[in-house]
Amino acid sequence: MPSFLREFFKRNGFGMGSLMLGLVLFWTIGLIILPQLSMLDFSFRPNLPPPEIGGPKDVYTVENYKYLVFGPEGGSQSYNAVDLNVFFRTLVAAVCVTIFNLILCYPIAYYLAQTKGNHIRIFALMLIIPYWINEILRAFALRIIFGETGVFNNMLVGLGIFDTPFDFIRNDIALYAGLGYAYILLMIFPIYNVIESLDRNQIEAARDMGASWTKIHQRVVIPYAKPGISSGCTMVFMLSAGALAAPQILGGPSSLWFTQLIYQQFNDNSDWPQGAAYAVVLLVTCILLVLAIMRLFKVNMGDIGK
Amino acid sequence: MSAGVGVDLENLWIRFGDFVAVRDANVNINGGDFFSFLGPSGCGKTTILRAVSGFLEPSDGRVLIGGNNMKGIGPNKRPTALIFQNLALFPLMKVWENITFSMEIKGASARERRKRADELLDMIALPGQGDKLPSELSGGQRQRVAIARALCAEPDVLLLDEPLSALDLKLRQHMRTELREIQQRVGITFIYITHDQGEALTMSDNIAVMKAGVIDQIGDGKTIYNDPATAFAASFVGENNVFRGKVKRVMGDEALIATNRSGDLVARISTANQGRMKEGDEAMMFIRPEAFALAPQGAAGDHFVTAKVNHEEFEGNAFNIFMEGDGGKELKVSIPNLGQSFDDHTGQNITLEYETKNAVCVPAGELAAE
């Protein structure tokens, strides 16, 4: 038995220890790893009617992956331009949402973490309470706000900035705002946690030595907050790339999110293997992208957990 | 020394809402001086330091550095450098980057900074340690890095906020000497905040004793120790025995005090209070433990004190006798160990004598908390 396990059992007793360990293992293996493995298995099988499952035609194949790249066999195009386009646009948009969220949330997190007083608790509550409302309701609320006769358009037209209402939905502005808003807490709180433990004296020391505010953030606060920033960015990126409700409700008619394609495969086309393949590609690409960016910014996996 | 830049506080008031943190402080600090603010925690000394460094605007009055009014000038624009109580080294920067941070701000090249860092590391006796992280250094080494970082900014005034309080006793005593040496070498003004009277006395040219936002006395170490202006200064700086009573008679610069439990005793009136104490005033008289000598049993007069011995201890360099004293506090007497024989007096009454010059009286006032 490895020493950390022995230590764990010694601290919690054998009964309690086994119960806790069992639940954690059930959670990770039973509820996360096994379903994902079965998805992976699906993705390598042909889409067969139920009687043929397990029959001679049920063999492993990479057809589903090939479909994403090359489209249907004998199709008019040599590449599956539509799906690939949606795929890359989703990734780029998720990166944009993440960057936008970071720019928005870093000052908020810094302010919350470095200011003392009761009003900070009220600000935090004002951030948290809207999340008691269902995600779909929040998305619809944004749709109303950004709609043709919504608050924004009434204001802009009323002030004479625009002559006719601006179509926020067709231009995907509502979508980005919705995705951004959906995950601000996941960005604010990891950064807030780290900055809160930053010794205020360090900021003052830098200031005392002549540093401007930009320099203080660049050299003292941001390097210190890096684990929180990476943790927040990872979560926001992963969740935006995998979001379904917000793109469904707030997306313009012409702009599909990749998750919507996956949903269509599972639901409309009843092609689970094809959907599973798309989902696997999205997951693996996102993980690789995150790992690459972590390496670029010299962030360790351990930092993310902070 | 006239080379350094002086600091003046003129009628300085600092209030936080209703709370007065600093009350009408007037201090002139000479250029090149090692000046200490000495007082218990919460007395406002750190607040004064923050007002000098620019992190705090005075509610009233002025801070002048080198004769220039500092009003509206931020901490990044003042010719001061502050060493924080917890040092506040940047944990993610290497030692050399920490030291030369002020040069980085000014846009100096990495090579220049490296060169300057090496010079300063030599000065603080840490050669070749530039590439370590602060967390890889010991407490005393970090202390010296913080000093080097502050000196690298070439300030006219170095402000130190109890920088030695986190160190152990031996190191603290060593760093005292070192700080004083560095100050004399660079010749700039040091303003030092401390609650440790030993630090203040050993290092400072001048000391301001503070209590609850008020500066009680300003003077050099000997003056503060030998000629305290207030009961607080007398009881806070060094060990002291208090005798409460009333002034019975004033005789020039001496007074006869009718003490509550030791009869009439004679004492020198401290310089600051001469001409200000008169018959019938409540007074306090102070005699240091080392100023007493054993007197023949039963001797009486205005410079003899008789009391019962509670217990005794042998400290090595001295024999300490603890006797029944005034106001519930024990009277402590230290007899230097010069190899004489020393009998146990526990439970007996013994008589002590002192010389008038070693007893000082001031108007009754608040004593420092133990």
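Below, each value reflects all heavy atoms present in this structure, side chains not excepted, and no hydrogens, waters or symmetry copies. A quick note: this is a predicted structure, and the numbers were derived from the prediction, not measured.
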S.K.: With distance as the sole test, does B:Asn76 use its side chain to make a donor-acceptor pair with the main-chain N or O of A:Arg207 at under 3.5 Å?
M.R.: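 Side chain of B:Asn76 to backbone of A:Arg207, a donor-acceptor pair under 3.5 Å: no, none is there.
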
S.K.: Do A:Asp199 and B:Asn86 meet the criterion of a side-chain donor-acceptor pair at a distance under 3.5 Å?
M.R.: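 There is such a pair between these side chains.
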
S.K.: Can you confirm whether A:Gln202 sits close enough to B:Pro91 that some side-chain heavy atom of one is under 4.5 Å from a side-chain heavy atom of the other?
M.R.: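 Side chain of A:Gln202 against side chain of B:Pro91, heavy atoms only: contact under 4.5 Å found.
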
S.K.: More than 12 non-hydrogen atoms from neighbouring residues, nucleotides or ligands closer than 6.0 Å to CH2 on A:Trp27, yes or no?
M.R.: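 Open.
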
S.K.: Distance check, rounded to the nearest 0.5 Å: A:Asp208 atom CG versus B:Lys77 atom NZ?
M.R.: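 The NZ atom of B:Lys77 is 12.5 Å from CG of A:Asp208, to the nearest 0.5 Å.
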
S.K.: Please look at B:Leu89 and chain A and tell me whether the side chain, the backbone, both or neither of the residue comes under 4.5 angstrom of a heavy atom of that chain.
M.R.: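 The backbone, not the side chain.
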
S.K.: Counting heavy atoms not belonging to B:Lys115, are there more than 12 under 6.0 Å from its NZ?
M.R.: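 Result for NZ/B:Lys115: open.
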
S.K.: Would the number of heavy atoms belonging to other residues, nucleotides or ligands and lying under 6.0 Å from CZ of B:Arg185 be above 12?
M.R.: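 Yes.
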
S.K.: Is there a side-chain contact between A:Arg219 and B:Phe101, using heavy atoms and a 4.5 Å cut-off?
M.R.: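 Answer yes - side chains close enough.
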
S.K.: Go through the atoms of B:Glu97 and report whether side chain, backbone, both or neither lie under 4.5 Å from a heavy atom of chain A.
M.R.: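 The answer is the side chain of B:Glu97.
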
S.K.: Does A:Tyr181 have more than 12 heavy atoms from other residues, nucleotides or ligands lying within 6.0 Å of its OH?
M.R.: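 Buried by this count: over 12 neighbours within 6.0 Å.
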
S.K.: For chain A, which candidate among B:Met93, B:Gln85, B:Arg78, B:Lys106 shows the most heavy-atom pairs at distances under 4.5 Å?
M.R.: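 Highest number of pairs under 4.5 Å: B:Met93.
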
S.K.: Hey, is CE on A:Met16 packed in by over 12 heavy atoms from elsewhere, all under 6.0 Å?
M.R.: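 Atom CE in A:Met16 is not crowded, with 12 or fewer foreign heavy atoms closer than 6.0 Å.
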
S.K.: For B:Arg149, which atoms come within 4.5 Å of any heavy atom of chain A: side chain, backbone, both, or neither?
M.R.: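 When you check distances to chain A, atoms from both the backbone and side chain of B:Arg149 fall under 4.5 Å.
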
S.K.: Need one label for B:Leu82: side chain, backbone, both or neither, based on atoms under 4.5 Å from any heavy atom in chain A.
M.R.: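 B:Leu82 touches chain A through backbone and side-chain heavy atoms alike.
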
S.K.: Look only at the side chain of A:Glu204 and the backbone of B:Phe55, and say whether a donor-acceptor pair between them is shorter than 3.5 Å.
M.R.: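 Not confirmed, A:Glu204 side chain does not pair with B:Phe55 backbone.
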
